[in-house]
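Start at 1 with the first residue, then count along the sequence.
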Amino acid sequence: MAARLAWRRGPGAAGQRPWLLLAPLLLVPLLVRPAEALVEGLYCGTRDCYEVLGVSRSASKAEIARAYRQLARRYHPDRYRPEPGDGPGGAPPSAEAFLLVATAYETLKDEETRKDYDYMLDHPEEYYSHYYHYYSRRLAPKVDVRVVILVSVCAISVFQYFSWWNSYNKAISYLATVPKYRIQATEIAKEQGLLKKAKEKGKNKKSKEEIRDEEENIIKNIIKSKIDIKGGYQKPQVRDLLLFQVLLAPVHLCSYIAWYCRWVYNFNIKGKEYGEEERLYIIRKSMKMSQSQFDSLEDHQKEMFLKRELWIKENYEVYKQEQEEELKKKLANDPRWKRYRRWMKNEGPGRLTFVDD
């Protein structure tokens, strides 16, 4: 009786959880790996690359290349003539045979790829590892990524350099048309006797157009030497190019870390007062301006910032509010802004006007 109850209780418990009996059967396909070394989709598929070329596994590079040339001449689509028994290990069509020979040669001619293929033949159980090595080499870029990055950075730097020079020359040409700077440059050229040289007579006599162009170049050169252009139209510097910025990035990073540590130690820990440079830095950060934009401001503007102590947050908020109010007054008195507001009020978007003729 006890044995009979135990027998009934056993199947009943298993029947309540049938997945316990099926779990091992479901895990078997996941744990089993194909025992065959040759897998469809990898290298030569189910064919041995050595057998395709008719060489042994110990064949040298020269022997592999010689076998490939012979088979390539034989199975090339332009030369192939189907004969009974043709094709490595069978009689495939010419294009398939030539593709198979080419694939075998591409696999065995490279030392690293051949090493991976030999490892696959010796260790067929590492199924997923073979897939990884095959596709990682096949999909890897043919050109070194570092070379591509270097060439790209150099090309961008060259474009930057010529673009900046073009902007700088445009700025000089514009300044040469401004009466204020042109008159000053002309007086300096007369004092140095540069304009007299341009008007030499005799054998070196020049046409009016040549004299005019030479005088224009003299004035532009004086403006270049006397004026200091800052901001987006400043004179190009090699150190500002992308290539040099990338090369000097570690230096700039170390300099910034050292500067930040000195800032924290001097002003946050020791409580020192800000100097003029530090005050201007805080003001620039509050205004959210880049270094080149801030450098392009006039000196009297920077002196006004320091005089009003804008590095203090409360003072800067008052200054910001004043600037916004001043901008509103200018817009209110601007005729174009008035016309725009009138148009928005009378005929702007979202307004439907019915004209009764």
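For the atom pair Glu51 CD and Ser56 OG, the distance stands at 11.5 Å (nearest 0.5 Å). Leu242 contributes atom CG, which lies 15.5 Å from atom OH of Tyr161 (distance to the nearest 0.5 angstrom). To the nearest 0.5 angstrom, Leu100 atom CG is 9.0 Å from Glu96 atom CD. For the atom pair Lys302 NZ and Glu276 CD, the distance stands at 9.5 Å (nearest 0.5 Å). Between Leu121 atom CG and Asp48 atom CG the span is 5.5 Å, to the nearest 0.5 Å. In this structure, Glu324 CD and Lys328 NZ are separated by 6.5 Å, a value rounded to the nearest 0.5 Å.
We find that Lys330 and Glu326 are joined by a salt bridge, their nearest charged nitrogen and carboxylate oxygen being less than 4.0 Å apart.
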| field | Residues Tyr50, Arg114; criterion side chain to side chain donor-acceptor pair (under 3.5 Å); working and verdict | value | CA-CA 10 Å; Tyr50 291 102; Arg114 183 178 180 182; 3.1 Å; yes
| message | Set out, in order, the CA-CA distance, both residues' side-chain angles and the distance that settles ring pair (Phe, Tyr, Trp, His ring centres under 6.0 Å) for Tyr168 and Trp165, then state yes or no. | response | CA-CA 5 Å; Tyr168 177 72; Trp165 266 112; 5.6 Å; yes
| said: Determine whether Asp110 and Tyr105 satisfy the following criterion, side chain to side chain donor-acceptor pair (under 3.5 Å), listing intermediate values before the conclusion. | reply: CA-CA 9 Å; Asp110 183 69; Tyr105 177 67; over 6 Å; no
| field | Stepwise side-chain contact (heavy atoms from CB on, under 4.5 Å) test for Tyr68 and Leu108 | value | CA-CA 10 Å; Tyr68 167 71; Leu108 301 180; over 6 Å; no
| message | One pair to check against side-chain contact (heavy atoms from CB on, under 4.5 Å): Lys170 and Ser173. What are the steps and the verdict? | response | CA-CA 5 Å; Lys170 285 183 177 179; Ser173 300; 5.6 Å; no
| field | Working for salt bridge (charged side-chain N to carboxylate O under 4.0 Å, His left out), residues Asp122 and Arg57 | value | CA-CA 12 Å; Asp122 297 333; Arg57 289 186 60 174; 3.1 Å; yes
| query | Are Glu309 and Tyr316 close enough, and set up right, to give a side chain to side chain donor-acceptor pair (under 3.5 Å), and what steps lead you there? | reply | CA-CA 8 Å; Glu309 299 182 352; Tyr316 176 74; over 6 Å; no
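By the salt bridge (Lys or Arg N to Asp or Glu O under 4.0 Å) test, Glu187 pairs with no residue at all, sequence neighbours left out.
Side-chain atoms of Tyr174 and Asn169 form no donor-acceptor pair, as typed in the model, at a separation below 3.5 Å.
Nearest heavy-atom pair, Ala104 versus Cys49, reported as atom, atom and distance to 0.1 Å: CB-O, 3.8 Å. The heavy-atom pair separating Ala72 from Val101 by the smallest distance is N-CG1, 4.5 Å.
Using a 4.5 Å cut-off on side-chain heavy atoms (C-beta onward), Phe305 and Leu297 make contact. You'll find the side chain of Phe294 reaches within 4.5 Å of the side chain of Leu280, heavy atoms only. Annotation: side chain of Gln70 is not in contact with side chain of Arg74 (no heavy-atom distance under 4.5 Å). In this structure, Lys235 and Lys224 have side chains that are not in contact, with every pair of non-hydrogen atoms separated by 4.5 Å or more. Annotation: side chain of Met287 is in contact with side chain of Leu310 (closest heavy-atom distance under 4.5 Å). Looking at Tyr43 and Asp116, their side chains come closer than 4.5 Å, going by heavy atoms from C-beta outward. Annotation: side chain of Glu216 is in contact with side chain of Lys220 (closest heavy-atom distance under 4.5 Å).
Follow the hydrophobic side-chain contacts under 4.5 Å out from Leu247 and you never reach Phe159; the two are in separate clusters. Taken together through direct or relayed side-chain contacts under 4.5 Å among Ile, Leu, Val, Met, Phe, Trp and Tyr, Ile219 and Ile183 form parts of separate hydrophobic clusters. Linking ILVMFWY side-chain heavy atoms closer than 4.5 Å, directly or via other members, places Tyr117 and Tyr128 in a single hydrophobic cluster. Ile223 and Val178 fall within a single hydrophobic cluster, where Ile, Leu, Val, Met, Phe, Trp and Tyr are joined by side-chain heavy atoms under 4.5 Å apart, directly or via other members. No single ILVMFWY cluster, assembled from side-chain heavy atoms under 4.5 Å apart, contains both Val153 and Leu248.
For the ring pair (Phe, Tyr, Trp, His ring centres under 6.0 Å) with Tyr274, the lone residue among Tyr281, Phe267, Trp311 that qualifies is Phe267.
The main-chain N or O of His123 is never found under 3.5 Å from a side-chain atom of Glu126 such that the two would form a donor-acceptor pair. Without hydrogens or angle criteria, Gln321 side chain to Val318 main chain gives no donor-acceptor distance under 3.5 Å. With hydrogens and angles disregarded, a donor-acceptor distance shorter than 3.5 Å links the side chain of Asn217 to the backbone of Asp213. No donor-acceptor distance shorter than 3.5 angstrom exists from the side chain of Arg182 to the backbone of Thr177, with no hydrogens or angles considered. Looking at Glu325, its side chain never comes within 3.5 Å of a backbone N or O of Glu322 through a donor-acceptor pair. With Thr113 contributing its side chain and Lys109 its backbone, the two residues share no donor-acceptor pair below 3.5 Å. A distance-only check finds a donor-acceptor pair linking the side chain of Ser157 to the backbone of Leu243 [under 3.5 Å].
Every pair tested for side chain to side chain donor-acceptor pair (under 3.5 Å) that includes a residue from residues 245-271 fails, sequence neighbours excluded, so the list is empty.
The local environment of OH in Tyr131 is crowded, with over 12 non-hydrogen atoms from other residues, nucleotides or ligands closer than 6.0 Å. With a 6.0 Å radius and a threshold of 12 heavy atoms from other residues, nucleotides or ligands, Gln291 has its CD atom above the threshold. In Glu273, the CD atom is not crowded: 12 or fewer heavy atoms of neighbouring residues, nucleotides or ligands sit closer than 6.0 Å.
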